[in-house]
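Each remark here refers to the structure printed beneath this line.
All of these numbers come straight from a predicted model, not from anything done at the bench. Chain A is the first sequence line, chain B the second, and so forth, proteins listed ahead of strands; every chain is numbered from 1.
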Amino acid sequence: MGSWLFQSPAWLAAGLAALAVPLLIHFISRSRGVRIPFGNIRLVRSARRRLVHELRLTQLLMLMLRLSLVAIAALILGGLANPGTAQQHGEVAYLTPQWLNQAKPGELAGLVQAGKSVFVLTPGFPVPESGDDDEPVGDDDIWPLLAERLSTINHTGNVHVYSAGWREEFGRFQPPLPTPITWHFADPSSKQPLAWPLEVLLVHHQPPDERAVAVNQALQLIQQYRLPGLSWQSAIDPDEVPAEALDALIWAVPGLQPGPTTPGEGRWIDLNEPGWEAAWRSADFPERLTDALLGPDQQAKRWARASVTPDALAPMGAATIKREQLPRQPLYPWLGFILILLWGLERWLSERSADGPG
Amino acid sequence: MERFLEPRTLARVKDLPLIARTVAEGFLHGIQSSHQRGIGVEFSQYRAYEPGDEPARIDWKLFARSDRYFVREAERESEIAVWFVLDCSRSMSMKSADGAWSKFEYAKHLLATLSYIAQRQGDMVGLLAAGGGQQAFLPLASGERHWHRLLRQLARLEAKGQFPDPTTLKSALRPLHPPGLVVMVSDFFEAAEELTECARQASTPRNEITAIQLLCRDEREFPWRGPVRFEDLESNETVLVSGRDARATYLDQLHAHQQRLNQSLGRHAITLETFDVDQPMDEAMYHFMLRRQNKAG
């Protein structure tokens, strides 16, 4: 069983930073109390010896309660979740899409025959931050996906990861993994991009409008995360490029229908069509564009070297593991209950020893 | 007396003589005078001239009409010497959280009012105030001008330090010994019984001493809850207590203190009157006078 996980670590950090507030209040107000200039302190003095320790104890108790309240609120905000209850028995092989692209014929079949459960790690496209389209945020490699998978599912057997060994695959993040991993890298001699190239022509006005820029960015993401063999060029006239050299054409000229030119066996994607009109603004635009660019026949050829099609991967298990599919048990109902309980206790104590005349 | 003047109302008026007059006039309305006839303001009756009467008191107009000597007699109060002793120690500066006056401010207004009433009756008033190294002494005299001198003395006084050791006041206390009334105003919170000792030293078989103890509502009721750090106004000693839990102990201690004080003063025939400075002053005076009348009656 892996460790607890947080769905929003940033909120957790902010919540934990807020722990300083009750601490500061405690240390500032500790032992100080409300200051009352008094006429005859002898009448109060005898009360002190007996009660001051109770007062300090109450203050300490209230501090602990307040710290607990803030900490629990931080855990709720941080999205503390139980690692889930899923079990994965036997040997497991996690494949990266790039490994699949470079796999030798029969290699994948060999894994399946060896009795390994096979999963393909397919991270989502990074989501551009609003207002700053140049800087995608989110998981830009497979590390987080793998780490979360290993921490949320109890693996009873060995875990193997098959990677193409590219820096882009396991990039910047290197989270500690709870399960030991046996790594398998593709043959270094075969470290080439996708076996087949994908030539795309993007037709748009000059200078490019907002939509053309978004398509360009989506193509960059697709090239980086899905189809390393993808290459594209921009043009204002589709006739500039010989049609037979193209696998796909993206028509992004607003208000104009594309001409009769047909790019070879490739595909037409007219962004003026109703289904595409506003699609470029949505977060899943790169995903949709990938599907549209490939088409069923090319999808089938996607992992040709591994002798596997996406359809064939499905029966092996979760062919494409995504974050939202990971098992987890959010703990906020329990935490909320404890929070309310502690809050009530804190209120009662606070009311009992409320400051000032009353 | 149906309506009394709220301290909060009086506190808004920053004029000591005006307040004293207002309270005193309101208070005097309804209080009976001693009906002792003699020299005074209010005419009462004529009587036949007797040897020894001052010629100035002869009514010459009546002599012109009747050809007989008649002397004007006025209704007058008993002429006695009234000494006011004021504790100016710093504990007198305490006031309730929502109080209008501190004990010291109340004491000043109370003395101004009482002295006004006394001078209206033709009595002689004197003042002895001490605390925090300051000492004010105003010898006995009567009349409005003297009353204003007393008010000026009061206005200059501040509540600071501690009440002095009574041995240092010996010479100042001596004038208080002849027959008369001594009104001592204090909270009677003392470090070494210096206030009770002072009252005792002022006391003689010939004079009458009344101790007026001033307490504010917060001192009487101890309304605090939660952690409270009490700081002694005179010694600066601090004590941290839980207000709610310490209340019962404090009230017990206060009760015991009051009993001790009562006994200690009672042994020297000194009457102790306790005024709540957050209650109307004229009401307190009214009940105080009523008790005195009942006691005399």
Completion exercise
d(A/I36 CD1, B/T238 OG1) to nearest 0.5 Å is 13.0 Å
Exercise for the section: Can you establish whether the number of heavy atoms outside B/E208 located under 6.0 Å from its atom CD is more than 12? Expected result: yes
Practice task
Taking atom CZ of B/F137 as the centre, report whether more than 12 heavy atoms of other residues, nucleotides or ligands fall under 6.0 Å from it.
Solution key: yes
Handout entry: Minimum-distance pair of heavy atoms, taken over all atoms of A/P37 and B/L233
Key = CB-CD2, 3.5 Å
Donor-acceptor contacts, no H, no angles, side chain residues 259-266 of chain B, under 3.5 Å, sequence neighbours left out:
none

Handout entry: Within 6.0 angstrom of A/W183 CH2, more than 12 heavy atoms from elsewhere
Key = yes
Exercise for the section: Decide yes or no for B/Q253 and A/N40: does some side-chain heavy atom of the first lie under 4.5 Å from some side-chain heavy atom of the second? Expected result: no
Problem - Closest non-hydrogen atom pair between A/V44 and B/F222, with its separation - result: CG2-CE1, 4.5 Å
Practice task
Could you pull out all residues at least two apart from B/S89 that satisfy side-chain hydrogen bond (donor to acceptor under 3.5 Å, both in side chains)?
Solution key: B/D87, B/S91, B/E234
Practice task
Say whether, by atom type as modelled, one donor and one acceptor occur between the side chain of A/R42 and the main chain of B/F189 under 3.5 angstrom.
Solution key: no
